[in-house]
Amino acid sequence: MKRLFNAVLIFIMFVVPFTAFAGDNEKIEAPTLEYVEFNNASIVGEFSPSLFEYRIMLDESGKTPTLAKYSITQGANIIFTDSFSGTAKGINIEVKKNNVSSNYFFEYIYPDSLEVDRSNNYLKELGCELGEVYPALNQKDTSYSLYIPSDMTELKISAVAESVGAVCEVPGLIKLNSGQAPDIKVNVRAVDSSVRVYTFSIKRLDKTSQEILDELEDDDLFALVENEIFHKRPEFKIIVLSVVGGLLILAVFVSVLKRIAIRPNDDDEVDFFDYYEDDDKEKD
């Protein structure tokens with residue numbers, strides 16, 4: 001009995017504290033931006049996932065840089081937004097996975113010949129973690145749907161204006177009740193102070209946040225296109241149904257055409273047995 005008591009005491013004194021220490025000090029690896037290229041701008045110097053501040057030279061288009069190509073940690077989500085760091089304006093890219101994130105800031109360098117469109121108040125991109133805008137942003141529409149997971153109760157909205165001179169006014173962090181689906185307003189203010197108002201109606205998906213995260217982890221996910229998920233795009237379903245329906249109609253048409261066009265004998269052809277029966281009658 002005494003030996004058993006001593007063994008338990010040793011376990012409590014040494015093994016339990018060591019286990020807790022290991023758990024408390026378990027290193028959580030932060031997701032990273034592994035590679036990136038921009039439209040309308042180029043990075044000054046070399047990019048490295050372990051460096052988080054850069055400068056990018058804008059081209060003469062006067063348009064805000066957008067992502068051309070990028071690679072991130074598998075299963076992570078990316079948020080791309082206009083940002084200010086002190087007095088410097090630029091683009092901030094947040095890479096987030098399992099509530100751990102890394103932020104990369106790209107400060108603008110303006111060429112001397114750049115002329116900004118003072119009246120440009122168009123929205124270029126809207127970002128929301130695990131969310132997707134439908135239809136794609138364009139210069140015609142100002143009302144869109146924003147699809148989010150069924151269980152999401154907190155939205156972090158980010159926005160990018162088309163012009164580097166324009167400023168986006170977004171609500172930032174939005175708290176939602178379970179199932180709540182409000183409309184969200186985003187204002188884009190041009191250099192000349194003209195404002196364009198965009199409305200995004202929240203739509204709940206039939207998938208939870210975890211289900212979407214699991215899809216992001218799946219290397220074979222056919223719906224992952226340019227690092228965006230076809231959550232519930234109507235046009236995707238329409239295309240699939242149209243293709244399947246078209247193939248079925250084509251198969252039926254070919255089958256009917258074969259029955260009509262291919263016949264085992266001609267209408268005027270005499271049946272084999274009838275021919276010999278007539279011949280026997282003549283002999284008699």
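In this structure the side chain of Pro31 never reaches within 4.5 angstrom of the side chain of Ile72, judged on heavy atoms. You'll find the side chain of Tyr198 stays beyond 4.5 Å of the side chain of Leu126, heavy atoms only. Contact annotation: the side chain of Ile157 approaches that of Cys128 to within less than 4.5 Å [non-hydrogen atoms, C-beta and beyond]. Side-chain contact between Pro171 and Lys185 is absent, with no heavy atoms from C-beta onward closer than 4.5 Å.
The two residues Lys207 and Ile212 have their closest heavy-atom pair at CB-CG1, 4.1 Å. Between Ser119 and Ala190 the shortest heavy-atom distance is C-CB, 3.8 Å. Of all non-hydrogen atoms in Met152 and Glu154, the two that sit nearest each other are CG-O, 3.4 Å.
A distance-only check finds no donor-acceptor pair linking the side chain of Lys124 to the backbone of Pro65 [under 3.5 Å]. The closest donor-acceptor contact from the side chain of Arg204 to the backbone of Ser178 lies at 3.5 Å or more, if one exists at all. No donor-acceptor pair under 3.5 Å is formed between the side chain of Ser150 and the backbone N or O of Asp206. A donor-acceptor distance shorter than 3.5 angstrom exists from the side chain of Asn138 to the backbone of Lys140, with no hydrogens or angles considered. Side-chain atoms of Lys89 come within 3.5 Å of backbone N or O of Val164 as a donor-acceptor pair. No donor-acceptor pair closer than 3.5 Å links the side chain of Asn40 to the backbone N or O of Phe38.
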### Message
Run Asp183 and Thr199 through side chain to side chain donor-acceptor pair (under 3.5 Å) and show every step you take.
### Response
CA-CA 6 Å; Asp183 289 344; Thr199 303; over 6 Å; no
### Task
Determine, stepwise, if the pair Thr32 / Tyr104 fulfils side chain to side chain contact (heavy atoms under 4.5 Å, CB included).
CA-CA 9 Å; Thr32 58; Tyr104 297 81; 3.5 Å; yes
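A donor-acceptor contact closer than 3.5 angstrom is absent between the side chains of Asn77 and Glu129. For the residue pair Thr66 and Asn39, a side-chain donor N or O sits within less than 3.5 Å of a side-chain acceptor on the partner. In this model, a donor atom of one side chain and an acceptor atom of the other lie less than 3.5 Å apart for Ser209 and Asp151. Remark: the Ser163 side chain and the Lys63 side chain contain no N/O donor-acceptor pair separated by less than 3.5 Å.
By the neighbour-count criterion of 12 heavy atoms within 6.0 Å, atom CD of Glu169 is densely surrounded, having more than that number from other residues, nucleotides or ligands. Enclosure of atom NZ in Lys156 is not indicated, since only 12 or fewer non-hydrogen atoms of other residues, nucleotides or ligands lie within 6.0 angstrom. Heavy atoms from other residues, nucleotides or ligands lying under 6.0 Å from CZ of Arg196 number more than 12.
Classification of the Tyr110-Tyr108 ring pair by plane angle, with boundaries at 30° and 60°, yields perpendicular. Using bins of under 30°, 30° to 60° and over 60° for the plane-to-plane angle, the ring pair Phe200/Tyr144 lands in the parallel bin.
Leu137 and Val197 fall into different hydrophobic clusters, defined by Ile, Leu, Val, Met, Phe, Trp and Tyr side-chain heavy atoms under 4.5 Å apart, directly or through other members. Val167 and Val116 fall into different hydrophobic clusters, where Ile, Leu, Val, Met, Phe, Trp and Tyr residues are linked whenever their side-chain heavy atoms come under 4.5 Å apart, directly or through other members. Each of Phe105 and Ile79 belongs to its own hydrophobic cluster when Ile, Leu, Val, Met, Phe, Trp and Tyr are linked at side-chain heavy-atom distances under 4.5 angstrom. If you chain together hydrophobic residues whose side chains sit under 4.5 Å apart, Val160 and Leu173 never meet in one group. Residues Val195 and Val170 do not share a hydrophobic cluster, defined by chaining ILVMFWY side chains whose heavy atoms lie under 4.5 Å apart.
To the nearest 0.5 Å, the span separating CG on Asn92 from OG1 on Thr81 amounts to 7.5 Å. The distance from atom CD1 of Ile148 to atom CD1 of Ile174, rounded to the nearest 0.5 Å, is 9.5 Å. The structure places CG of Asp141 at 12.0 Å from CG of Leu123, a figure rounded to the nearest 0.5 Å. Rounded to the nearest 0.5 Å, atoms OG (Ser158) and CZ (Phe80) are 9.5 Å apart. Within the model, atoms CG of Leu67 and CD1 of Ile93 stand 5.0 Å from one another, a figure rounded to the nearest 0.5 Å. For the atom pair OG1 (Thr64) and CG (Asp82), the distance works out to 5.5 Å, reported to the nearest 0.5 Å.
Aromatic rings of Tyr54 and Phe47 (six-membered ring for Trp) have centroids within the 6.0 Å cut-off, being under it.
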